[in-house]
Amino acid sequence: MREVFSILGAVLLFIVAAFEVLLIAGLPLGEFTMGGKYKVLPPALRAASAGSLLTQIFAGLILLQAGGFMRMWFSSGATKIICYVFAGFFFINTVMNFFSTSSKEKYTMTPLALVEALCFLLAGRYVYFS
């Protein structure tokens, strides 16, 4: 079962990482992120998107590790803790997105963040032990 949560979560994270690349490139997708205040993100927020991009990639790799799809970078116990930290982060992100003034962010990113949180919670519960 952990494999399903790991793959689903990783695929979603890599899709969001691709979205971050588009934001950094200046495409008019800003209404889906960071409160939806800007249609095109200003340079300072593009730098924040770059940080988010790295976080999304790292998180996706952690899910793949938790599911046993790649070699362990961290011990099983550390991976479990990292999964729970990301689950907490995405639950907080879910709440923040829910209260966004941007309807695009609210109705797109809120359910996405909730699914991510659940994937981390459940993958963390069933971390692959080799």
Side-chain angles (χ1 to χ4, degrees):
M1 197 62 161
R2 74 181 188 282
E3 294 91 353
V4 174
F5 302 122
S6 296
I7 291 292
L8 174 63
V11 166
L12 291 175
L13 283 164
F14 295 143
I15 289 170
V16 173
F19 173 76
E20 294 291 344
V21 170
L22 297 176
L23 286 169
I24 293 166
L27 270 69
L29 300 169
E31 294 171 303
F32 288 93
T33 188
M34 299 183 193
K37 186 175 179 182
Y38 303 98
K39 193 167 188 109
V40 175
L41 294 184
L45 291 181
R46 290 183 196 183
S49 280
S52 181
L53 169 66
L54 296 175
T55 303
Q56 301 287 340
I57 292 170
F58 176 74
L61 294 174
I62 289 296
L63 276 176
L64 292 176
Q65 177 182 312
F69 292 103
M70 56 182 285
R71 291 180 154 252
M72 300 293 271
W73 291 353
F74 305 101
S75 69
S76 297
T79 300
K80 183 179 287 248
I81 291 169
I82 293 168
C83 282
Y84 289 149
V85 167
F86 272 118
F89 169 79
F90 280 108
F91 275 122
I92 291 168
N93 194 267
T94 299
V95 172
M96 292 174 64
N97 287 338
F98 181 77
F99 290 109
S100 175
T101 57
S102 166
S103 62
K104 291 180 180 179
E105 182 176 23
K106 181 184 284 190
Y107 296 117
T108 305
M109 297 306 186
T110 300
L112 182 66
L114 180 59
V115 170
E116 287 295 341
L118 293 172
C119 285
F120 273 106
L121 186 66
L122 296 169
R125 170 79 172 90
Y126 302 104
V127 169
Y128 175 76
F129 290 93
S130 58

For this session: Answer whether the closest heavy-atom distance between the side chains of T33 and M109 falls below 4.5 Å.
Result: no

For this session: Group every Ile, Leu, Val, Met, Phe, Trp and Tyr by side-chain heavy-atom contacts under 4.5 Å, then state whether L12 and L23 land in the same group.
Result: yes

Problem set entry | Any donor-acceptor pair under 3.5 Å from Q65 side chain to T79 backbone | no

For this session: For K104, check salt bridge (Lys or Arg N to Asp or Glu O under 4.0 Å) against everything at least two apart and list the hits.
Result: E31

For this session: With rounding to the nearest 0.5 Å, note down the distance linking CD in E116 to CZ in F5.
Result: 13.0 Å

Exercise. Donor-acceptor pair, E105 side chain versus G35 backbone, under 3.5 Å?
Worked result: yes

Problem set entry | Same apolar cluster: M96 and F91, side chain cutoff 4.5 Å | no

Exercise. Are the side chain of S6 and the backbone N or O of L63 linked by a donor-acceptor pair below 3.5 Å?
Worked result: yes

Seminar exercise, completed: For L121 and A87 the tightest heavy-atom approach is N-CB, 3.8 Å

Problem set entry | Closest contact, heavy atoms only, V40 versus R46 | CG1-NH2, 3.3 Å

Exercise. Would you say the side chain of F90 lies within less than 4.5 Å of the side chain of L114, judging by non-hydrogen atoms?
Worked result: no

Exercise. On the ring face of F98, is K106 found with NZ or CZ under 6.0 Å from the centre and within 45° of the axis?
Worked result: yes

Problem set entry | Contact check, side chains of F86 and F58, non-hydrogen atoms, under 4.5 Å | yes

Problem set entry | Atom OH of Y107 with >12 non-hydrogen neighbours under 6.0 angstrom | no

For this session: Please identify each residue that fulfils side chain to side chain donor-acceptor pair (under 3.5 Å) with E20, with sequence neighbours left out.
Result: S49, S52

Exercise. Does the side chain of Q56 reach to within under 4.5 Å of the side chain of I15, using non-hydrogen atoms?
Worked result: no

For this session: State, to 0.1 Å, how close G30 and L41 come at their nearest heavy-atom pair, and which atoms those are.
Result: CA-CD2, 4.2 Å

Exercise. How far apart are the closest heavy atoms of N97 and A113, and which atoms are they?
Worked result: ND2-CB, 4.0 Å

Problem set entry | Note, F14 side chain near L64 side chain (heavy atom, < 4.5 Å) | yes

Exercise. Do V4 and L112 share a hydrophobic cluster (ILVMFWY, side-chain heavy atoms under 4.5 Å, transitive)?
Worked result: no

Exercise. Which atom names give the shortest non-hydrogen contact between I62 and F74, and what distance separates them?
Worked result: CD1-CE1, 3.6 Å

